[in-house]
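Quick notes on the structure that follows.
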Amino acid sequence: MRFVLCTTLVVLSFLPATQSAPVPVIDSHQHLFSPAAAALVTGNPNAPGINARNLIELLDSAGIQRALVLSMAYTWGKASRAPVANEHEYVKAENDWTALQVAQYPDRLRAFCSFNPLKPYALEELARCSKDPQLHYGLKLHFGNSDVDLDNPNDVEKVKKVFEAANGYHMPIVVHLHTSIDNKRKYGADQARVFLNKLLAAAPDVPVQIAHLAGSGGYDSATDSALGVFTDAIARHDARVKNVWFDATVVVRPAMSPNDLQQIAARIRQIGVERVLYGSDAPASPLVYPKAGWAEFQRLPLATVELLVVATNIPPYMRDFAKR
Ligand SMILES: [Zn+2]
């Protein structure tokens with residue numbers, strides 16, 4: 001017993017200073033899966049899904065108070081999966097299931113509505129969400145899953161209409177900007193510029209949260225060039241990025257080299273730590289549970305004070321919980 005205690009003290013005394021950083025007040029990138037969506041995504045008809053109680057337990061074990069839950073409804077319109085009959089009905093059902101789940105924890109969870117923005121029902125679903133007491137808080141779009149091709153002007157035009165409408169409803173937007181890997185779409189600075197010029201410009205009055213530091217989890221050169229478009233815009237005080245936040249969800253991966261960690265930290269400083277949000281992503285494996293995800297994020301060579309800022313950032317759409 002004495003030996004165990006002694007060993008613990010020795011280990012504690014060698015922990016890096018970053019271990020004393022607080023836990024995030026918000027997990028800004030979470031998902032729930034209805035049993036139906038889990039069955040669709042995993043191919044296992046008995047997949048249990050992830051409900052609000054499951055998420056709350058994981059948040060509690062990490063000491064995180066609140067989470068932004070991004071509806072998975074868009075996956076019913078996933079471009080690289082066989083189409084589902086009556087797709088819009090499933091999209092509505094997933095958005096509504098997510099709304100009912102978060103409603104069980106009104107002081108902890110908030111949901112954003114979602115759908116594939118290229119689908120004919122996109123504007124109708126956005127209008128429906130804008131009137132829903134749980135779903136009107138914002139919109140999540142996943143350009144990769146929905147195969148929004150930023151090099152295709154028709155796609156850009158359709159998504160622009162969704163951005164304009166969300167702006168009109170005062171609904172903030174979380175966007176997974178990275179284009180489809182399954183469909184091998186181009187992604188980098190050119191595509192990020194299309195987003196800045198055509199889409200961000202179409203939603204000037206609402207906050208926009210760019211997920212995964214403009215990547216799709218992990219960090220590679222395509223992500224870095226896309227992110228560079230935004231850090232350049234921030235450096236020149238471009239009005240279009242005034243309302244833009246970045247979540248660093250699953251950006252830091254276990255096998256990452258010290259060089260990659262340095263580069264990510266440098267980009268976070270160019271963005272400004274006050275605009276960077278912590279997110280965990282769906283708790284589909286213990287590696288990305290909120291507690292593990294925050295431990296991973298703290299491997300970045302950031303000062304404790306910088307980690308403190310990221311941990312305590314609260315984007316506008318995660319405020320005012322008490323009023324509900
Ligand atoms: Zn996600």
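Counting starts at 1 for both ligands and their atoms, in listed order.
Other residues, nucleotides and ligands place more than 12 heavy atoms under 6.0 Å from the OH atom of Tyr289. Counting heavy-atom neighbours within 6.0 Å of Arg81 CZ, excluding the residue itself, gives a total above 12.
His29 lies close to the Zn ion (ligand 1), since one of its N, O or S atoms is found at a distance under 2.8 Å. Note on His142: not counted as a metal contact of the Zn ion (ligand 1), no N/O/S atom lying under 2.8 Å.
Considering CG of Asn54 and CG of Asn51, their distance stands at 4.0 Å, rounded to 0.5 Å.
The heavy-atom pair separating Tyr74 from Ser146 by the smallest distance is CB-OG, 4.5 Å.
The atom of His31 nearest to the Zn ion (ligand 1) is NE2, with the search restricted to N, O or S atoms. For Asp281, the N/O/S atom at the shortest distance from the Zn ion (ligand 1) is named OD1.
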